[in-house]
Structures are given as C-alpha cells and as structure tokens.
Amino acid sequence: MVKTRFAPSPTGNLHIGGARTALFNYLFSKHKGGTFVLRIEDTDIERSKEVYVQDILQGLGWLGIDWDEGPHFQKERMDIYREHAYRLLREGCAYKCYCTPEMLEEKRKVALKEGKKPTYDRTCRDAHDRASDMPHVIRFKAPLTGEVSFNDLVRGTISFRCEELDDLVILRSDSTPTYNFTVVVDDALMGITHIIRGDDHINNTPRQILIYRALNYPMPEFAHVPLIHGKDRSRLSKRHGATSLLEYRNEGFLPEALMNYLARLGWAHGDQEIFSREGLIEMFDLPNVGKSPAIFDMDKLLWLNGHYIKTLPLEDVAERLVPFLEGLGLAISNREMLVPITANLKGRARTLKEMAQMAAFFFLDDVAYEEAAKQKFLTPATKPILENFLEGFKGLRSIDEDEQKRLIENMARDYNTKLVNVIQPIRVSLCGRTVSPGIFEVIGILGRETVEKRLRRAIEAIS
RNA sequence: GGUCCCAUCGUCUAGUGGCCCAGGACGCUGGCCUCUCACGCCGGAAACACGAGUUCGAACCUCGUUGGGACCA
C-alpha cells in the first residue's frame, strides 16, 4: 500500500513550489490507490505561525488536494522524538556531546584556517564520562567510512561518501529535536512508503537513511523533484512574488487551471496539455517527472486559465464570477443576466477578475465614459447617429440580432458609411468604451429599457 | 570553497541508437474571420551548450569542458 505525505513548515505561505510538491504526492498516491498524509512541521516555534497553517490548509483545500490522514502536528509529538533519541543513545548509535557553542565555533575557525572542512571533529564521540548532567546535545554516530547510496525514483542512483557526513545533532541542548531526525521518525512511524519532495533535500537524504538504519525501520523510496525557479533561474522565493496560493485564487485563477499547469510543469504525458484531475490521477507517475528545474511561466498559466473559463460549464463559471463582481462593489441587480454575460465574456477574459472588470458596465447604468472614447465617439457629429438609432430602436418589433442588424445596416447605408462608424458611438454610449463584446449581444442582454436609458444619457452628455 | 544534482526552441516539454536536417504547447509573428477587442482557424521564425570517444549510425551511451542550480559552510 502506497502512502505519501506533504510536510510543510508553517513558516511562510503555501506558494507555487510547495503546492506542486503537494500535488505530486497527492497524484502519486491516488494513482497507486494509496493514501496521502498531511503533516505540519512546526517544531520551529519561533518562526511557525498559525496564520501560515491556515494559509496552507486553505490553499490545499482550494486547489482540491485533500488529504486522507492528518494534519499531524510535530509540536504535539515532541515526546516521541525524545524517546527515539534516547533509544539511539541507549543502543550506542548516538552519544552525548558536551562541546559548547564557543568551542565549536573555535574549532570551525581553526579547521577553516587549515583549509579543512568545518565539520564536527567528534571530540565527544569516544569520551567515557557520559553520565554527566552538564549541558549537552545528542549526536548521531555516523559511520566513518563507506558509502551511502539510494535509488532515487526520478534521478536514479545517487551516492555519498560517509567521509562527507558528520555526526549531526539530533537533540539540542534544550531537548528539542532537529529537522533531519523528526522527519525520519515521523515518516517511519506514519508508514510513509514514498517520500516525494523538493531536490533541496537530496543532501539530507543520506543522513536520514543512516538514521532509518540505526532505528531499524523499513526504508522508504525517495523521489526528489526539481524546484520551480523564477525568471532569473534561481529558486522561487519571496522576491519573485512567490506569494500564497490564495493570491492566485484572489486574482481570478481557477483551481482546475492551476492544478493542470502545476502538473505539467516538470512532468509530461506525450503531447497532451489539458488534464482533468481524474486524467492526472490516471496518468501521473514518477518516472515521467523531469530532472531539471522548471521556470514558472505566467503566460502559459493565463492561457490555461482562459481555456478553462471557456470550457467549464457556463453556470459554474457564472457562479464563480459573483465574488469578483461583488469585489468591485457591483450590486448584482439581476442574476438572470449572469449566465448570458458569462457566455459573452468567456472567450475574452483570461481570469475571473478580468471578466468581472469587463462585465462591470452591464451593471452600471451611469457607466463612466472613457475619456478618449468620449472625445472620439460622443461628439456633435455622432449625435444624429445616436438619435436616429434611438428612434429606430424604439420602433423595433423585437430586439433579436436580425432586427438590430437590419436597423444598423440601413443606417449605415443612409449615412453612406461602414457599419463600424454607426456601431462605435452606440458602443460607447452603452459600454462607456470602445472595446466590448458584440454590440448585438450587449443590447440583447441589456434589454430595451436599459439601452434606451443609456442612449438618452449619452445624447445628453454631448450637449 | 566542499558535496550533490541538472543541461532539446525565449518558456513548458516529446524524444530512451536509425521513424528526427527534431514533434507539440505557451509566447512572438504573417494572414483569414469580423461591428471594436478577443475567441477561432491557417501559416512562419525559433532548440539538441561545447569537445572528444563508442558505433555502420548519436539529441539519445561514455568521458571531459563549460554553464546553471541546490544544500552545507
């Protein structure tokens, strides 16, 4: 039975990179019919914040990555880590180290000066007075020679020489456990079979393997996926605007689009670009994950988001649009208009936020005219066009597209001009700007009364 | 600096020795459609980092170089 986990530290928001790691774990476990665990690694009391925990939980929930088990909190498991540390001590796999920070700093300087590596010199490793109650840390006793290697599911065999590894601290002098120790204890106890994480952890892996062995717990599989990079090719961080996932939600992205994008970033299944959640679960597997870091590309995300806006059920998109309209302070007087408006705008907007902005004029009878549009199309010269149109419009038997079109075509003929010259003044009158959906559709949605009202207002605005 | 990892169009990638003088997608660009703007459709430019080697044959295998990244300090 496959079991994966996502184990973020609540020291920051859940950003794109973390979300992708979570997604890969989620997809892999579902693909294999296994379970997915969420664990919050909040042992760093200083930097861990409840708001970040909430951000992570909400972000995952919004994306639609739900966990089968957890969230577990490491803070609540401190005793377990201590027990394990003392067990290693008892069994001779660890030792108490009484070196003070000052001593260590001194040794580091000396080593550096002599051109040696600044690793711990193992002074206390073979000392005998282990009963002392003086302040001490507990260090893991790493093998002095040999090699640690593992088969990474995305990279293949990776090996490290033990000479490179030093005796890392597993329990600090204040009795708090360190990162490399807690992960191993938790992953082992929770029965995690596949550890899928960012490749910034590759260097931690050999130490962790050694701890697994010392603890005599079954070894999981490892898969290190490349990090997502910013445009400057360095790891995505705050200065790239690596903000919360929820930020994407607020900007009007759809979780379907983001999931699709994240999955395709560093993973592919032939030439296919569009994947539903179900499709991803069916197709996703580790061997297809790329080895090199990927750069986040907003343009492609926008394109995908536009694709989902176009293809998701209209009613659904309309429903999701509402909060964005409200966000603009618009009173949605007529909910009947929502679906037709969505149908109109879905081909033009790439985000829900954009769509709301484009839709604003539908809800505002006293729509503001863009200055340039007004200068050009609401002038004494176009006034008669608007007056004639209003007159003709009132006499229309119905306002379906054919009727409207006939009226405007006749006018264009009378004025001996092109359709566009008749339409633009009308468009500005109704929408306040020169860009909008097709004018016949706009009129159809607005309805007789509103159209007449807005035309009159525009005519007045000229004089 | 040490260790480890990576390397196909600007970007995401397909490609696992002959199907590739390299395919798809975003972006860019020319055109069509058209009441504006989009959508859509048709077309175009654009890449195997470099050098050796293995082989009848290399984007694919090996070595080196260069470049990039991560971690540690």
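Each chain gets a letter, A, B and so on, in the order the sequences are listed, and its residues count up from 1.
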Partner nucleotide, any strand, of [N] [Watson-Crick/G-U, under 3.5 Å]:
{"N": "B:G2", "answer": "B:C71"}
{"N": "B:G30", "answer": "B:C42"}
{"N": "B:C20", "answer": "none"}
{"N": "B:A52", "answer": "B:U62"}

[N] to [M] separation - [atom1] atoms, rounded to the nearest Å:
{"N": "B:C48", "M": "B:G10", "atom1": "C1'", "result": "16 Å"}
{"N": "B:A59", "M": "B:G23", "atom1": "P", "result": "14 Å"}
{"N": "B:G30", "M": "B:G18", "atom1": "C1'", "result": "36 Å"}
{"N": "B:A45", "M": "B:G31", "atom1": "P", "result": "16 Å"}
{"N": "B:A58", "M": "B:C19", "atom1": "C1'", "result": "15 Å"}
{"N": "B:C50", "M": "B:U29", "atom1": "C1'", "result": "31 Å"}
{"N": "B:A70", "M": "B:A52", "atom1": "C1'", "result": "29 Å"}
{"N": "B:U8", "M": "B:A47", "atom1": "C1'", "result": "6 Å"}

N/O-N/O pairs, protein side and nucleotides 59-69 of chain B side, under 3.5 Å:
{"residue": "B:G69", "atom": "O2'", "partner": "A:H229", "partner atom": "NE2", "Å": "3.3"}

Inset, instruction - Check the distance between B:C12's P and A:N288's CG and give it to me in whole angstrom. - result: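 After rounding, the reported distance stands at 18 Å.
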Legend entry - Pairwise side-chain contact, A:L301 with A:D297, heavy-atom cut-off 4.5 Å (strictly under):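 Of all side-chain heavy-atom pairs linking A:D297 with A:L301, none is under 4.5 Å.
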Indicate, with a heavy-atom threshold strictly under 4.0 Å, whether [X] touches base, sugar-phosphate, or nothing.
{"X": "A:S292", "answer": "sugar-phosphate"}
{"X": "A:K310", "answer": "sugar-phosphate"}
{"X": "A:P437", "answer": "base"}
{"X": "A:G266", "answer": "sugar-phosphate"}

Legend entry - Crowding at CG, A:N416 (>12 non-hydrogen neighbours, <6.0 Å):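 Incorrect, the count does not exceed 12.
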Legend entry - Heavy-atom protein contacts under 4.0 Å, nucleotides 24-33 of chain B, coded B base, S sugar-phosphate only, - none: BBS-------
Legend entry - Ring center gap for A:Y308 and A:F253 short of 6.0 angstrom: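 No: the rings miss the under 6.0 Å criterion.
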Legend entry - Residues touching RNA chain B, which here means a heavy atom under 4.0 Å, drawn from residues 439-450 of chain A: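 Residues of residues 439-450 of chain A under 4.0 Å from RNA chain B: A:I439, A:F440.
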